[in-house]
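Working notes, beginning with the structure itself.
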Amino acid sequence: MQTQLKLYNSKNREIEVFEPLNPPFVGMYVCGPTVYSEVHIGNVRTFGSFDLIYRYLLHLGYKVRYVRNITDVGHLLDDTSEDRISKKARLENIEPMEVVQRYTVDFHQTMEKFNALPPSIEPTATGHLIEQIELVQTILDKGLAYVSNGSVYFDVAAYNKSRNYGELSGRNVDDLISNKRALDGQDDKKHPADFALWKNAEPQHIMKWNSPWGVGFPGWHLECSVMSTKYLGKQFDIHGGGMDLKFPHHECEIAQNKAGYDEEPVKYWLHTNMLTFNGKKMAKSEGTGVTPREMLTGNHPLLTQAYSAMTIRFFMLQAHYRSTLDFSNEALQAAEKGLKRLMVALEAIDGLPTFDKSSVDVNDIKEKLYGAMNDDFNSPIAIAHLFEMVKWVNLITDGKETINEADRSSLSTLAHTFVHDILGLQNETSNDGSEKIDGLIQFALELRQQAKLDKNYSLSDNIRDRLKEIGFEIKDGKDGTTYNPI
RNA sequence: GGUCUCGUGGCCGAGUGGCUAGGCAGAGCUCUGCAAAAGCUUCCACAGCGGUUCGAAUCCGCUCGAGACCUCCA
């Protein structure tokens with residue numbers, strides 16, 4: 001029997017049994033990208049991790065509403081009054097919304113390549129300005145924010161009198177004062193830890209809107225509070241995001257929600273870890289921000305070859321979502337080969353010879369697979385067990401183990417469910433192998449077999465090599481020859 | 001400086017107080033005309049130093065090292 005799903009709640013740093021607020025419904029909010037440029041492969045890992053979680057929850061039968069936002073309001077860069085989206089727009093001489101549109105589309109295309117399911121709702125920040133302004137007003141009315149020079153700031157000190165700012169990230173307000181780095185430059189604030197709910201816009205600022213406090217734009221943390229509440233309610237089950245968003249972003253979100261709605265918004269906080277390159281977090285500024293496009297084409301100085309989307313997905317799934325994952329050509333090549341072995345075995349299951357008895361224990365594999373996933377979505381363990389299954393399949397193929405028809409059928413269902421539905425791995429070596437192509441290859445194999453019988457090895461090797469060039473790998477087994485698309 | 005995480009074999013990466021992770025790479029064997037594929041076997045490990053324990057890579061302490069966050073960040 002499958003055990004209960006347990007997950008690591010980063011709110012209290014403990015593994016907890018997953019109990020939705022209103023089963024079978026599950027509300028899940030994940031912080032999406034800011035669409036001012038192409039996402040990099042580290043972003044793909046984050047959304048891939050949540051895709052795994054989403055898929056598994058769906059598989060367990062939950063009715064999941066998965067909300068992932070698009071941040072299309074540019075938020076401020078360091079010491080300029082310019083934001084990322086406006087800057088990009090200025091550099092490329094286009095409308096900010098063109099920037100947004102371009103990279104939103106690009107993001108969707110990318111996630112589709114990596115076989116990530118689209119969220120149920122993908123709201124945009126600019127589409128929820130009224131709600132954001134309302135929340136700012138509510139917080140102001142409660143005396144937990146103040147207006148200053150056309151901007152509105154969250155009053156951390158006032159909030160902290162009755163609440164605990166820093167509960168998620170384990171910080172306390174006093175530390176935040178004393179450790180605040182220099183160069184804040186935000187003289188409008190009463191307290192260094194205060195954060196903007198609404199920001200006054202300079203005249204040259206492009207993306208700005210009217211508000212009760214003047215022309216400006218919303219603070220970065222506001223959109224997630226507003227949109228999660230709007231679509232999932234004041235309390236919902238799961239909130240996810242990258243670890244780097246824990247502070248200040250998620251901390252501020254909690255504060256806004258509690259200040260505005262007087263509710264503990266999130267039951268389970270899930271934070272995914274970073275993809276690293278040479279042990280360091282990927283960052284464009286460090287020259288380590290590899291884009292999916294570069295990965296897929298191999299067109300990057302640090303890459304020795306191109307990697308397929310499924311290779312990359314599989315590579316990422318071989319690490320737990322809460323661990324950092326270090327990224328190298330060697331590791332990716334290992335994933336490429338491993339994935340191929342897995343997929344070949346998966347496709348072979350339905351063609352396995354059956355016997356009266358089974359020497360394999362399908363139920364045991366099943367329990368191990370669910371056990372792994374129920375243990376905080378431990379995909380690397382699940383994959384390890386899938387490779388156990390690969391071994392069984394190969395031994396049966398070699399006639400060293402046996403399986404009966406019922407077991408073969410349940411093994412096939414189990415394996416396909418885990419590989420395709422839960423891990424989201426697709427067979428990329430498209431067997432565009434229509435029956436006609438298969439017939440042609442079988443014919444070529446017959447010719448090769450005859451050549452071998454005639455000891456015409458140069459011909460048989462030539463057939464083998466040519467088929468490989470075309471994209472089919474020949475495998476001589478004990479009981480004849482088979483082939484696989486490469 | 002503050003908060004926190006982590007240090008596993010050639011590489012990536014799981015895990016647990018005593019029992020095989022797994023993938024890739026390496027070695028040997030089986031199969032084979034050769035190869036590939038597949039199978040079997042095998043080598044390589046838990047940063048260092050102490051402590052707790054019958055027993056620790058797994059718990060505690062210290063040292064060294066790495067990283068994340070404290071500012072936009074997946």
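Below, read A as the first sequence line, B as the second, and so on, with proteins coming before strands; counting in each chain starts at 1.
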Establish, yes or no, whether the cationic atom of A:Arg68 lies under 6.0 Å from the six-membered ring centre of A:Phe47 and within 45° of the ring axis. yes
Flag, side chain of A:Ser225 to backbone of A:Glu253, donor-acceptor distance under 3.5 Å: yes
Establish, from distance only, whether the side-chain atoms of A:Glu251 and A:His221 form a donor-acceptor pair under 3.5 Å. no
Phosphate oxygens OP1/OP2 of B:C40: is one of them under 4.0 Å from a side-chain N or O of A:Lys391? yes
Would you kindly compare A:Val390 and A:Thr272 by the position of their nearest RNA chain B nucleotide and give the one closer to the 5′ end? A:Val390
Atom C1', compared across B:C46 and B:U16: separation rounded to whole Å: 12 Å
Pair A:Tyr103 + A:Tyr36: ring centers closer than 6.0 Å: no
Distance, C1' atom - from B:G23 to B:G18, rounded to whole angstrom: 27 Å
N/O donor-acceptor pair, side chain A:Asp326 with base B:G13, under 3.5 angstrom: no
Just to be sure I understand the rule, does A:Phe327 reach a base, reach only the sugar-phosphate, or reach nothing, if contact means heavy atoms closer than 4.0 Å? nothing
Earlier contact from the 5' end, RNA chain B, for A:Arg322 and A:Ile474: A:Arg322
Should we count CZ of A:Arg90 as having more than 12 external heavy atoms under 6.0 Å? yes
Strictly below 4.0 Å: does A:Lys475 bring a side-chain N or O up to OP1 or OP2 of B:A36? no
Expressed as a whole number of Å, how far does the C1' atom of B:G15 sit from that of B:U3? 28 Å
So among A:Lys113, A:Glu336, A:Met295, which one has a side-chain contact (heavy atoms from CB on, under 4.5 Å) with A:Ile312? A:Met295
Measure from the ring centre of A:Phe47 to the centre of the six-membered ring in the base of B:A74, then say whether that distance is under 5.5 Å and the planes meet at under 30°. no
Once you round it to whole Å, what is the distance between P of B:G39 and CG of A:Asp398? 7 Å
Spacing between A:Gln449 atom CD and B:U32 atom P, to the nearest angstrom: 13 Å
Quickly work out the A:Lys340 NZ to B:A25 P distance and round it to whole Å. 11 Å
With no angle test and no hydrogens, is the base of B:A35 tied to the side chain of A:Arg464 by a donor-acceptor pair under 3.5 Å? yes
Rounded P spacing from B:U42 to B:A21 in Å: 12 Å
For A:Gln442, all residues meeting side chain to side chain donor-acceptor pair (under 3.5 Å), sequence neighbours excluded: none
Report the distance from atom NE2 of A:His221 to atom C1' of B:U71, rounded to the nearest whole Å. 10 Å
Taking B:G33, B:G2, B:C11 as options, the one with an atom nearest any side-chain atom of A:Ser328 is B:C11
Under the side-chain hydrogen bond (donor to acceptor under 3.5 Å, both in side chains) rule, what do A:Asp326 and A:Thr276 come out as? Steps first, then yes or no, please. CA-CA 5 Å; A:Asp326 203 47; A:Thr276 61; 2.6 Å; yes
Could you encode protein contacts along nucleotides 15-24 of chain B as a string, one character per nucleotide from 5' to 3', using B for base contact, S for sugar-phosphate-only contact and - for no contact, with a heavy-atom cut-off of under 4.0 Å? S-----BSBS
Is a donor from one side chain sitting under 3.5 angstrom from an acceptor on the other, for A:Ser458 and A:Asn456? yes
Could you state the NZ-P distance from A:Lys246 to B:G2, rounded to the nearest angstrom? 19 Å
Hey, mind stepping through A:Tyr321 and A:Asn378 against side-chain hydrogen bond (donor to acceptor under 3.5 Å, both in side chains) and telling me if it holds? CA-CA 8 Å; A:Tyr321 77 88; A:Asn378 200 326; over 6 Å; no
What distance, rounded to whole Å, do you find between the two C1' atoms, one in B:A27 and one in B:C43? 7 Å
So what does A:Ser49 hit on the nucleic acid, given a heavy-atom distance under 4.0 Å: a base, only sugar-phosphate, or nothing? nothing
Ignoring hydrogens and geometry, is there a side-chain-to-backbone donor-acceptor pair from A:Asp376 to A:Tyr8 under 3.5 Å? yes
Name the nucleic acid region contacted by A:Lys400, choosing base, sugar-phosphate or nothing; use a 4.0 angstrom heavy-atom cut-off, strictly under. sugar-phosphate
How far, in whole Å, is B:A56 from B:C49 if one measures between their C1' atoms? 15 Å
A:Leu52 CG to B:A74 P, in whole Å, measures 21 Å
Rounding to the closest angstrom, what is the interatomic distance between B:A38 and B:C59 at atom C1'? 44 Å
Students often get this wrong, so: under 4.0 angstrom with heavy atoms, is A:Gly279 touching a base, only sugar-phosphate, or nothing? sugar-phosphate
Dot-bracket for RNA chain B, 5' to 3', Watson-Crick and G-U pairs with both distances under 3.5 Å, [ ] for crossing pairs, | for partner on another strand, reads (((((((..(((.....[...))).(((((.......)))))....(((((..]....))))))))))))....
Do A:Phe418 and A:Tyr370 have ring centroids that are under 6.0 Å from one another? yes
Is there a donor on the side chain of A:Asp476 or the base of B:A35 sitting less than 3.5 Å from an acceptor on the other? yes
Between B:G51 and B:G55, how far apart are the C1' atoms? Round to whole Å, please. 15 Å
Length of the CE-P vector between A:Met274 and B:C12, whole Å: 19 Å
Atom NZ of A:Lys280 and atom C1' of B:U5 are separated, to the nearest Å, by 17 Å
If you check the A:Ala319 side chain, which of B:U41, B:A74, B:A14 turns out closest? B:A14
From the candidates B:A74, B:C69, B:C4, the one with an atom nearest any side-chain atom of A:Phe247 is B:C69
Does A:Leu325 reach a base, just sugar-phosphate, or nothing at all? Heavy atoms under 4.0 Å. sugar-phosphate
